[in-house]
Amino acid sequence: MTALTDPLTEEQRLLLDIAWTTFVEHERFPNFFHVAYRMRKHGWLCTREREAFAGAFGSHLGEPGS
C-alpha cells in the first residue's frame, strides 16, 4: 500500500492523465473500459492501478452498475 505522499508510478500518472483529460473534455469521468483501452495502447495493464485508485474513482471506473 502506498501513502498519499508517495510519488506516482508511471502507470498511475498515465491513468490520472487519461481520466482527467476525459473529464475536462466531456465533464464526466471515463468508465474503466475506456481507461483500460487507452492504457493498453501505451503498453500498460490497468487492473492494478484501478485497485490503487478505487477509493478515489469508485464506480466511475466501470465497476458493476456504472
Side-chain angles (χ1 to χ4, degrees):
M1 175 160 216
T2 60
L4 291 175
T5 57
D6 291 345
L8 296 175
T9 66
E10 189 174 342
E11 297 106 321
Q12 290 170 332
R13 200 171 318 215
L14 178 61
L15 185 148
L16 286 175
D17 182 56
I18 292 168
W20 183 249
T21 301
T22 303
F23 177 79
V24 169
E25 292 173 0
H26 302 283
E27 297 181 1
R28 65 179 291 199
F29 285 105
N31 66 32
F32 172 74
F33 300 105
H34 173 75
V35 173
Y37 169 76
R38 298 263 318 268
M39 288 188 73
R40 274 194 313 274
K41 286 180 75 173
H42 290 276
W44 298 103
L45 293 178
C46 191
T47 306
R48 188 177 50 194
E49 280 61 41
R50 175 181 179 245
E51 298 195 4
F53 287 112
F57 290 111
S59 64
H60 295 292
L61 284 182
E63 292 177 3
S66 63

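Nothing here was measured: the structure is a model prediction, and the numbers come from that model. Sequential numbering from 1 along the given sequence is applied to the chain's residues.
- Test Arg28, Glu27, Arg38 against Thr22 for side-chain contact (heavy atoms from CB on, under 4.5 Å) and you get one pass: Arg38.
- For the atom pair CH2 (Trp20) and CD (Glu25), the distance works out to 12.0 Å, reported to the nearest 0.5 Å.
- Distance check, rounded to the nearest 0.5 Å: CH2 of Trp44 to CD1 of Ile18 gives 12.0 Å.
- Among all heavy-atom pairs drawn from Glu11 and Met39, the shortest one is O-CE, 3.6 Å.
- Rounding to the nearest 0.5 Å gives a distance of 9.0 Å between CG of Asp6 and CD of Gln12.
- Using a 30° and 60° split on the angle between ring planes, Phe29 and Phe23 fall in the parallel class, below 30°.
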